[in-house]
Amino acid sequence: MGITMLVFRPHRLKTIGFVALLLVLLLPWALRNHARTGRFILSDGGPVAAAHFHLPEVLTAAQAPNTAHYRQELYERAARTNWEDSTSSAAYFTALRHDLHRAFLAHPLAWVSVQLRKAGGILVAPGRGHIATYFGAGGLAKVISGVSMLYSAVLVAALVLCLLRWRHLPPG
């Protein structure tokens, strides 16, 4: 143990332990996906959500020429995909990732501004749009919105405290 402490400082041991834990938890799922789809990934959910909900806003913010037709092209591409064929569905998801990479490289400022706006909306207003949709404007909706705003305030306070504490940590 003493030799280990000389070779690896405690923060390195924590880092190695964290990486090992991540591998133990995530590797089986990635291997399962590889066996089923032939692709070593955790999920296609992120690229699908980004392509459908973020990329149109990025294209609009950047005033890209293909903005008006992007969603329709996306729906047509999905309709043409044979979801029973793993090669066809893999090609669909690969094309989505390509769209996202191309848009990020072409419009990095628009991409970052949309992501920051959406992240800020999630942080300071989690679920309020859905609350109004599902609960209307009655008393229950006001209570749920109040809890949501309280939760948002706690999140913002926790982030600020973490950032302040992080600034004062001794270097490595």
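Side chains are part of it too, since the values below use all heavy atoms of this structure and drop only hydrogens, waters and symmetry mates.
- Cluster membership for L116 and F104, using ILVMFWY side-chain heavy atoms within less than 4.5 angstrom, is not shared.
- Looking at heavy atoms from C-beta onward, R102 lies in side-chain contact with D99 at the 4.5 angstrom threshold.
- Shown here are the ring-ring contact (aromatic ring centres under 6.0 Å, His included) partners of Y70, two or more places apart in sequence or in another chain: there are none.
- Here the side chain of S43 pairs a donor or acceptor atom with the backbone of G45 at under 3.5 angstrom.
- Linking Ile, Leu, Val, Met, Phe, Trp and Tyr residues whenever their side-chain heavy atoms come within less than 4.5 Å places F18 and L26 in a single cluster.
- Taking CG from L55 and NE2 from H107, the interatomic distance works out to 8.5 Å, rounded to the nearest 0.5 Å.
- Surrounding CZ of F40 are more than 12 heavy atoms belonging to other residues, nucleotides or ligands, all under 6.0 Å away.
- Criterion: ILVMFWY side-chain heavy atoms under 4.5 Å apart, direct or through other members. Under it, L105 and V58 are part of a common hydrophobic cluster.
- Here the side chains of I41 and H34 are not in contact, with every heavy-atom distance at 4.5 Å or above.
- Atom CD in E73 sits 7.5 Å away from atom CZ in R77 (nearest 0.5 Å).
- Taking the side chain as every heavy atom from C-beta outward, W29 and L42 approach each other to under 4.5 Å.
- At most 12 non-hydrogen atoms from other residues, nucleotides or ligands lie less than 6.0 angstrom from CG of L109.
- Residue-environment remark: CZ (R32) exceeds the threshold of 12 foreign heavy atoms within 6.0 Å.
- The shortest distance between side-chain heavy atoms of Y92 and D44 does not fall below 4.5 Å.
- Under the 4.5 Å side-chain heavy-atom criterion for ILVMFWY residues, no single connected hydrophobic cluster contains both V24 and I16.
- L96 contributes atom CG, which lies 6.0 Å from atom CG of L74 (distance to the nearest 0.5 angstrom).
- A side chain to side chain donor-acceptor pair (under 3.5 Å) check over residues 45-63, counting only residues at least two apart or in different chains, returns the pairs H54-Q115, E57-R117, E57-K118.
- For the residue pair A51 and P56, the shortest heavy atom distance occurs at O-CD, 3.3 Å.
- Checked by atom type and distance alone, the side chain of S88 never pairs as donor or acceptor with a backbone atom of D85 at under 3.5 Å.
- The two residues S89 and W83 have their closest heavy-atom pair at CB-CE3, 3.7 Å.
- Side chains of P47 and L100 form a contact here, defined as non-hydrogen atoms less than 4.5 Å apart.
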